[in-house]
There are 2 protein chains.
Amino acid sequence: MHLANEKPVTAADKTFILLRDDIVEGRIVAGSKLSETELSTKYAVSRAIIREAINRLEACHIVERKANVGARVVALSPQGLIELYQVRESLEGMAARLAAVNMTHEEIDDLMGLLQSHFDEVKDGQSYYQEAGDVDFHYRIILGSKNKHLISMLFDGIYHLVRMYRVQLGMAGPRVTTAYDEHKHIVKAIANRDAELAEMLMRRHIMYSKNSIEAKLS
Amino acid sequence: MHLANEKPVTAADKTFILLRDDIVEGRIVAGSKLSETELSTKYAVSRAIIREAINRLEACHIVERKANVGARVVALSPQGLIELYQVRESLEGMAARLAAVNMTHEEIDDLMGLLQSHFDEVKDGQSYYQEAGDVDFHYRIILGSKNKHLISMLFDGIYHLVRMYRVQLGMAGPRVTTAYDEHKHIVKAIANRDAELAEMLMRRHIMYSKNSIEAKLS
DNA sequence: AGACCACATATTGTCGACAAAATAGTTTGT
DNA sequence: ACAAACTATTTTGTCGACAATATGTGGTCT
């Protein structure tokens, strides 16, 4: 899934996105070494481009690099996933808090509409309430915070890592049924401009999600 | 101030740190354009090195870059500072929460010792309880969270930006007298392994700090 | 046999040159 | 005089080659 604000114009941009998606979607396996020359032939660009792409991936914590040795895709561990969710709980909680203050009425209406369409799908037994819908929901609240740093940290960093874990550890989408109610309550809190409650509900929502994933791991 | 874990080995590392500090300390003014050729002569390295340094600074949100146009140091605004503190409140609150669970007894003892030495200095009227001490305090709690993402986001990203604001907007160190009590209460909560309280106190501590800075701005 | 050293190989780091794009300046037309 | 188009210049993006560092191999000595 590509975020809207990513418009790759330069070759380095495109290669960065290609390489990132190849890693996140598991076509390049976690923990493997990234050879610059190898990748430069694979993507048909110069080594300089590959180096820039790897540097950006390092900033996202998707790869780790040691000087004069090389870069590896990060290794996945249950501990790492837990740490990721701790950060997510913290940041998205604040995002919900800020969204309750900063979202416009139109944005809130749109969000309610989105939720309603999810509800219809679930009711129809399509059970299409998969990752895409969940991401879209969180996406809007994060944007609704209107906080640049928050938005960038979550979209450019955390979310790709979370997806990488989901894909490579073979988790399906998030919990379907209960999550809908949680989403509904969060939106209600935002609509009521109850920042405190919105943050608390979002944090609990993410904690539940984390627990659900932890349970599947063990 | 250099963080301990930064060991610049390659020329790009060194240039990155030099350039970053020149920006953060205000020797390169906020909002100004960064010419690659100009910088390459200034730091006596090739353009490739400068490009890598600028790329890393972009990842830290210290510079913004537009494709085929160039990079500028970010512009400072009161709104930007507020957003920064919102993120800080969120992340450091979580750090304090985790520190209450994950810090060892030794680390907590060290932290108490640090606090005591600060108290002595303040009591002696040295009033040396300046930024260095404050940063050191927060530094240890963040490390105490044992959460890699949290640590990296705060040290590599937020803290340099916060310092950049402090320097360029001409703020002295943080509030001296009251901050000591707040620090003391936070440490006490951590020592009691009261994660909930530690987070709440840390968030309030940072909110106060933000309010104090906002007051100076207006 | 195991440890240490020297050499060969491969990979990363750095550089200068060329290509492409944007900006600035000049000319031309009305 | 103003605007538009074209040219020139500057700046960024990309590339291939060279230098420096790390890794792997073979040999020698104890």
Side-chain angles (χ1 to χ4, degrees), chain A residues 2 5-23 27-75 156, chain B residues 2 5-23 27-75 156:
Chain A
H2 283 206
N5 54 346
E6 298 191 74
K7 315 218 175 202
V9 10
T10 173
D13 291 342
K14 294 172 195 161
T15 307
F16 162 64
I17 292 179
L18 281 177
L19 181 54
R20 185 189 62 192
D21 287 357
D22 278 348
I23 293 172
R27 292 183 287 274
I28 295 177
V29 73
S32 58
K33 184 165 194 313
L34 296 177
S35 160
E36 294 182 357
T37 53
E38 190 183 322
L39 291 174
S40 81
T41 61
K42 178 174 177 181
Y43 295 100
V45 290
S46 80
R47 257 187 65 220
I49 303 292
I50 296 292
R51 271 175 79 73
E52 182 171 338
I54 289 179
N55 277 333
R56 293 200 213 173
L57 289 172
E58 188 189 13
C60 304
H61 301 110
I62 291 179
V63 313
E64 287 170 343
R65 140 173 298 181
K66 268 195 287 191
N68 289 312
V69 173
R72 312 190 76 86
V73 180
V74 293
D156 299 337
Chain B
H2 284 204
N5 54 346
E6 299 191 73
K7 315 217 177 206
V9 10
T10 173
D13 291 342
K14 294 171 196 163
T15 307
F16 162 64
I17 292 178
L18 281 177
L19 181 54
R20 185 188 62 192
D21 287 357
D22 279 348
I23 293 172
R27 292 183 288 274
I28 296 177
V29 72
S32 59
K33 184 164 193 313
L34 296 177
S35 159
E36 294 182 358
T37 54
E38 189 182 324
L39 291 174
S40 81
T41 61
K42 177 174 177 180
Y43 294 100
V45 290
S46 80
R47 259 187 62 220
I49 304 291
I50 296 292
R51 272 175 78 73
E52 182 171 339
I54 290 179
N55 277 332
R56 292 201 214 172
L57 289 172
E58 188 189 14
C60 304
H61 300 109
I62 290 178
V63 313
E64 287 170 344
R65 137 173 299 180
K66 268 195 287 190
N68 287 315
V69 173
R72 312 190 76 86
V73 180
V74 293
D156 299 337

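The chains referred to below are lettered A, B, ... by the order of the sequence lines, with proteins before strands, and numbering in each begins at 1. Quantities reported herein were computed from a predicted structural model and do not represent experimental measurements.
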Below 4.0 Å: OP1/OP2 of [N] and any side-chain N or O of [X]:
X	N	answer
B:Lys33	D:dT12	yes
B:Thr10	C:dT14	yes
B:Arg51	D:dG13	yes

Ion pair check, A:Arg56 and A:Asp156, cut-off under 4.0 Å: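 Answer for the salt bridge query: no.
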Touch class at under 4.0 angstrom, heavy-atom based, for A:Ile50 against every strand present: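 Nothing, no heavy atom under 4.0 Å.
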Sugar-phosphate, base or nothing in reach of B:Ala11, heavy atoms under 4.0 Å: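 B:Ala11: backbone/sugar contact only, no base atoms under 4.0 Å.
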Name the closest nucleotide to the [X] side chain, picking from [options].
X	options	value
B:Ser46	D:dC15, D:dT14, C:dG16	C:dG16
B:Arg47	C:dT12, C:dT14, D:dG13	D:dG13
B:Val69	C:dT14, C:dT12, C:dA22	C:dA22
B:Ile49	C:dT14, D:dT14, D:dG13	C:dT14

Among A:Glu52, A:Glu64, A:Arg20, A:Arg65, the one residue meeting side-chain contact (heavy atoms from CB on, under 4.5 Å) with A:Leu57: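 It is A:Arg20; the other options fail the test.
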Residue whose closest nucleotide on DNA chain D lies nearer the 5' end, A:Ala44 versus B:Ser35: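 Per heavy-atom nearest nucleotide, the more 5' residue is B:Ser35.
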Pairing residues for A:Arg72 by the salt bridge (Lys or Arg N to Asp or Glu O under 4.0 Å) criterion, not counting sequence neighbours: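 Result, salt bridge (Lys or Arg N to Asp or Glu O under 4.0 Å) vs A:Arg72: none returned.
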Separation of A:Phe16 CZ from A:Thr10 OG1 (nearest 0.5 Å):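 Nearest 0.5 Å value for the OG1-CZ distance: 12.5 Å.
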